[in-house]
Enquirer: 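Attaching a single structure in structure tokens format; questions to follow.
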Amino acid sequence: MSTKQPPKNQSLSGRNDIALLEELEQKILWLASYLIHHANHIRPSRDGLKVGGHQASSASMVSIMTALYFHSMRSEDRIAVKPHASPIMHAIMYLMDRQKLDSLKNFRGFGGAQSYPSITKDTTDVDFSTGSVGMGVAATLFNSLVQDYMIDHGWVERERAGRMIALAGDAEFDEGNIFEALLEGWKHRVGNLWWIVDYNRQSLDGVVDDALFERIKGVFDSLGWQVHPLKYGKKLLAAQDGPSGEALLNWIDNCPNQLYSALTYQGGSEWRRHLELDLAGTSGIKEFLDSHDNNGLQAIMTNLGGHDMATLTEAFTAADDGAPHCFIAYTVKGYGLPLAGHKDNHAGMMSPTQLSDYQKKLGILNGEEWDKFSGMKTQPKKIQAFIEKAPYQQRSARQKATQPILVPEIVPPESEQQSTQEAFGKIMFELAKGKSELADHIVTTSPDVTSSTNLGGWVNRRKLYALETIADVFKDKRIPSTQLWSKGPSGQHIELGIAENNLFSLLGQLGLSERHFGTRLLPVGTLYDPFIARGLDALNYGLYQGARFMIVATPSGITLGPEGGAHQSINTPLIGLSQPGLVTLEPSYADELAVQMAWAFSHMQDEKGASIYFRLSTRKLPQLPRTLSPIQSAHIIEGAYWLREPKRETRGIIIYSGALAPEVMNAAETLAGRDHGLAILAVPSSDRLYKGWLQAKRNSQKDMSHIDKLFKNVPRDAKLITVCDGHPLNLSWLGTVNGNPVIPLGVDEFGQTGDLVDLYAHHKLDAETIVKAYLG
Ligand SMILES: Cc1ncc(C[n+]2csc(CCOP(=O)(O)OP(=O)(O)O)c2C)c(N)n1
Ligand SMILES: [Mg+2]
């Protein structure tokens with residue numbers, strides 16, 4: 001992988017005060033351990049639940065994080081902290097005067113410092129939320145790609161590029177999303193990326209396989225990363241020079257992870273016993289052992305690179321070339337605590353007695369547990385000055401985009417017959433052709449389904465994004481193709497491989513561009529609707545972080561017919577309905593889509609807005625000959641409008657969403673002669689309708705919700721026949737609004753191949769079933 005232009009180096013001279021860093025490290029470890037202890041043993045419990053926190057997982061990260069925050073990180077760098085090391089992050093923020101003491105005291109309490117770093121819930125400046133292991137690690141890679149995009153589009157100065165740093169647990173590398181991301185990163189030649197692996201050789205349940213890291217290292221090597229194993233600290237390296245040094249380091253190299261962990265837990269006397277036995281006869285070993293007491297022996301045998309300040313700071317300083325770097329930092333889980341090395345220590349916590357002994361050892365007086373300097377040898381003033389001078393402290397407050405980006409008029413494409421997917425493609429094409437701020441800030445992406453989701457026209461105009469210009473060979477050779485897809489730094493479409501996880505991870509970072517880089521992007525990602533499930537955790541992760549993006553999922557439902565059951569989506573409307581941070585829209589007609597898209601681009605920018613999920617279809621529907629009135633448009637945005645209003649004699653209402661509109665129209669035609677009271681309600685967004693209703697009910701607002709208003713004249717005994725190409729729950733909730741009886745039509749079993757006539761009949765979504773339901 002070629003390296004990037006290295007970002008401007010801030011001078012780190014004079015920062016190399018290892019002793020002070022070591023002192024700070026001890027203070028941070030204390031504060032992190034104590035804030036967990038306080039939450040579990042001191043703060044009164046009102047519900048009897050264990051509060052938790054991870055003292056051992058935090059301890060293994062303490063040296064790395066001290067080195068980074070107080071020495072190596074620059075103000076532009078962004079960091080994803082291993083979820084269960086959040087106490088270390090909170091302690092560091094507290095020392096830097098960026099975290100309130102009250103929040104520490106309320107760790108894991110309501111409104112307090114969060115269990116896992118959270119952009120939206122922590123009050124400090126968190127760069128990446130973490131929690132679902134693997135997600136935060138991959139997020140740094142995608143944010144690096146977004147940074148390149150921002151630089152190439154002139155929104156970030158190249159010299160101000162930050163390093164994207166992930167602090168990962170070793171067991172996080174069991175998560176497949178990391179490897180999916182790595183391959184994608186290689187394709188896009190991402191750089192300015194540091195992944196620092198806390199190689200404590202332990203996971204939640206036990207000890208990690210000895211050889212695992214060799215394999216993982218191989219992956220990084222083959223993908224062009226610079227890999228830096230930080231195995232031995234300076235003391236161990238110095239011991240190497242002694243007569244028994246080589247033998248000693250060989251012994252450590254060959255020591256199984258399980259044994260190393262166990263000896264770390266047991267301490268000096270056990271190290272001695274094993275070394276005496278295993279290295280008996282080695283020249284110089286006796287002298288080596290005799291020259292260290294048990295504490296000294298424990299210190300030297302656990303002097304791993306990931307806890308050695310000089311090793312860490314040197315390695316970080318040397319890695320300033322813009323390339324992707326992976327540091328495999330050997331650490332001890334529970335480092336410096338009585339929990340060190342024990343395989344069951346993941347959720348382990350120091351007992352009050354152990355904590356009190358630890359406090360005494362550090363010289364922290366009773367009552368001074370939260371004091372920033374208590375027990376430290378160096379003068380508080382000197383420490384304070386050191387903390388203030390850390391390059392990280394030059395971070396300025398997050399920039400906010402000043403003005404929302406105006407959304408130009410979106411005209412519905414004209415055609416008597418068209419699908420919503422087609423209409424989406426045409427709208428995007430028109431935006432691409434036109435000159436608007438909106439179009440310039442849109443960035444599209446798709447996991448290998450760009451053309452089959454109808455984004456091809458947009459890409460023809462706005463081109464593919466790449467670091468360097470790459471010619472379109474087909475075009476140059478004058479081979480006719482509908483895809484004129486040249487690549488270059490000004491392109492606005494980021495092409496991804498098939499992994500949907502990556503799509504959502506990228507959208508999550510694109511959707512945070514304003515937070516990270518001060519300029520808002522409007523990301524639009526397309527995929528097939530059923531494969532949303534493939535990337536659900538990444539989708540949830542992006543939304544949890546507050547990212548704003550638009551997903552266009554198409555085709556959808558059983559309406560994609562011949563593609564069969566593996567491609568037919570059933571429960572996606574319910575995912576949309578129940579997912580916080582996401583508004584789900586499922587129009588039937590091109591004019592509805594146009595109204596919703598214009599609204600959606602604004603809503604994505606609204607402080608109280610959300611991300612958007614369009615569920616679109618490839619079925620061409622005869623369009624309704626109409627021009628929408630402002631009231632109709634407003635109703636479309638609210639989620640529903642009457643196609644045929646109810647009357648006093650109404651005994652049934654057909655309510656539908658999406659691609660099944662023709663079945664409803666056919667049923668209405670059949671019923672036309674027989675029943676004059678038939679009403680038809682179009683629901684282009686069950687989600688908007690539901691949320692509006694829920695909010696009004698919960699707030700017992702005097703204002704009626706949109707559905708309350710629409711249902712005002714609906715007779716109480718009128719039957720609601722709900723029709724959608726997805727799980728029937730999507731619309732059947734409407735029965736609870738006024739207690740009307742419901743006949744919920746929809747899909748609740750796996751699909752299969754077939755044409756629409758057979759499939760709709762099989763799933764009981766055809767006009768005949770609707771008529772029967774109405775008359776029955
Ligand atoms: C997706 C996901 N699965 C499971 C968990 C529960 N979990 C939290 S930490 C952990 C083990 C992590 O081990 P490692 O990454 O080595 O971190 P360490 O505590 O050793 O530093 C697990 C399984 C989680 N947070 N996220
Ligand atoms: Mg681990």
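Values in this document were obtained by computation on a predicted structure and should not be read as measured data. In listed order, ligands and their atoms are each counted from 1.
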Enquirer: Who's the nearest protein heavy-atom neighbour of atom 26 (N) of ligand 1, and how far?
Expert: Val133 N, 3.1 Å
Enquirer: Take every heavy atom of Gly131, measure it against each atom of ligand 1, and state whether any distance is under 4.0 Å.
Expert: yes
Enquirer: At a 4.0 Å threshold, what atoms of ligand 1 neighbour a non-hydrogen atom of Gln202?
Expert: 14 (P), 16 (O), 20 (O)
Enquirer: Does the protein place a non-hydrogen atom closer than 4.0 angstrom to atom 1 (C) of ligand 1?
Expert: yes
Enquirer: Taking only Lys NZ, Arg NE, NH1 and NH2, and the carboxylate oxygens of Asp or Glu, determine whether Lys217 and Asp221 approach each other closer than 4.0 Å.
Expert: yes
Enquirer: Flag this pair as yes if the NZ/CZ of Lys372 is under 6.0 angstrom from the six-membered ring centre of Tyr94 and inside a 45 degree cone about the axis; otherwise no.
Expert: yes
Enquirer: Please check if the side chain of Asn540 supplies one atom and the backbone of Leu536 the other of a donor-acceptor pair under 3.5 Å.
Expert: no
Enquirer: Measuring from non-hydrogen atoms of Glu175 to any atom of ligand 1, is the shortest distance under 4.0 Å?
Expert: yes
Enquirer: Looking at Lys231 and Asp308, is there a salt bridge between them, counting it only when a charged N and a carboxylate O are closer than 4.0 Å?
Expert: no
Enquirer: Would you indicate whether the side-chain heavy atoms of Gln354 and Tyr358 approach each other to under 4.5 Å?
Expert: no
Enquirer: I need the nearest protein heavy-atom contact for atom 18 (P) of ligand 1: residue, atom name and distance, please.
Expert: Lys333 NZ, 3.4 Å
Enquirer: For ligand 1, which atoms, with element, lie under 4.0 Å from some heavy atom of Ala171?
Expert: 13 (O), 14 (P), 15 (O), 16 (O)
Enquirer: Can you find an N/O atom of Ser57 closer than 3.5 Å to an N/O atom of ligand 1?
Expert: yes
Enquirer: With heavy-atom distances below 4.5 Å as the criterion, would you say the side chains of Ile612 and Leu582 are in contact?
Expert: no
Enquirer: Look at atom 4 (C) of ligand 1 and say whether a protein heavy atom is found at less than 4.0 angstrom from it.
Expert: no
Enquirer: Checking a contact table here: which protein heavy atom is nearest atom 16 (O) of ligand 1, and how many Å away?
Expert: Asp170 OD1, 2.5 Å
Enquirer: What are the atoms of ligand 1, with element, lying closer than 4.0 Å to any heavy atom of Glu172?
Expert: 15 (O)
Enquirer: Starting from atom 22 (C) of ligand 1, locate the nearest protein heavy atom and write down its residue, its atom name and how far away it is, to 0.1 Å.
Expert: Leu204 CD1, 3.5 Å
Enquirer: In terms of side-chain geometry, is the basic nitrogen of Arg395 or Asp127 positioned less than 4.0 Å from the acidic oxygen of its partner?
Expert: yes
Enquirer: Please list, in number order, the atoms of ligand 1 under 4.0 Å from a heavy atom of Ser132.
Expert: 1 (C), 26 (N)
Enquirer: Students should be able to answer this: which protein heavy-atom is nearest to atom 15 (O) of ligand 1, and at what distance?
Expert: Gly169 CA, 3.2 Å
Enquirer: Between Pro83 and Glu172, is any pair of side-chain heavy atoms under 4.5 Å apart?
Expert: yes
Enquirer: Going through the checks in order, is the salt bridge (charged side-chain N to carboxylate O under 4.0 Å, His left out) test met by Glu314 and Lys234?
Expert: CA-CA 11 Å; Glu314 278 169 26; Lys234 300 281 176 188; 3.0 Å; yes
Enquirer: Going by an N to O cut-off under 4.0 Å, is there a salt bridge joining Arg163 and Asp77?
Expert: yes
Enquirer: Are any of the heavy atoms in Pro83 under 4.0 Å away from ligand 1?
Expert: no
Enquirer: Indicate whether the side chain of Tyr544 and that of Ser118 have a donor and an acceptor atom separated by less than 3.5 Å.
Expert: yes
Enquirer: Can Asp198 and Lys333 be counted as an ion pair, charged N to O under 4.0 angstrom?
Expert: no
Enquirer: Quick test: of every protein heavy atom, which one is nearest to atom 17 (O) of ligand 1, and how far off is it to 0.1 Å?
Expert: His84 NE2, 3.0 Å
Enquirer: Out of curiosity, is Lys82 lining ligand 1, as in a heavy atom under 4.0 Å away?
Expert: yes
Enquirer: Sort by chain and number the protein N/O/S atoms that are closer than 2.8 Å to the Mg ion (ligand 2), and list them.
Expert: Asp170 OD1, Asn200 OD1, Gln202 O
Enquirer: A cation-pi test, strictly: NZ or CZ of Arg201 under 6.0 Å from the centre of the six-membered ring of Tyr330 and no more than 45 degrees from its axis. Yes or no?
Expert: no
Enquirer: Select one of side chain, backbone, both or neither to describe which atoms of His346 lie under 4.0 Å from any atom of ligand 1, heavy atoms only.
Expert: side chain
Enquirer: Look at the side chain of Ser505 and the backbone N and O of Asn501, then say whether any donor-acceptor pair between them is shorter than 3.5 Å.
Expert: yes
Enquirer: Under 4.0 Å from any heavy atom of Asn200, which atoms of ligand 1 are there?
Expert: 18 (P), 20 (O), 21 (O)
Enquirer: With a 4.5 Å cut-off on side-chain heavy atoms, are Tyr260 and Leu304 touching?
Expert: yes
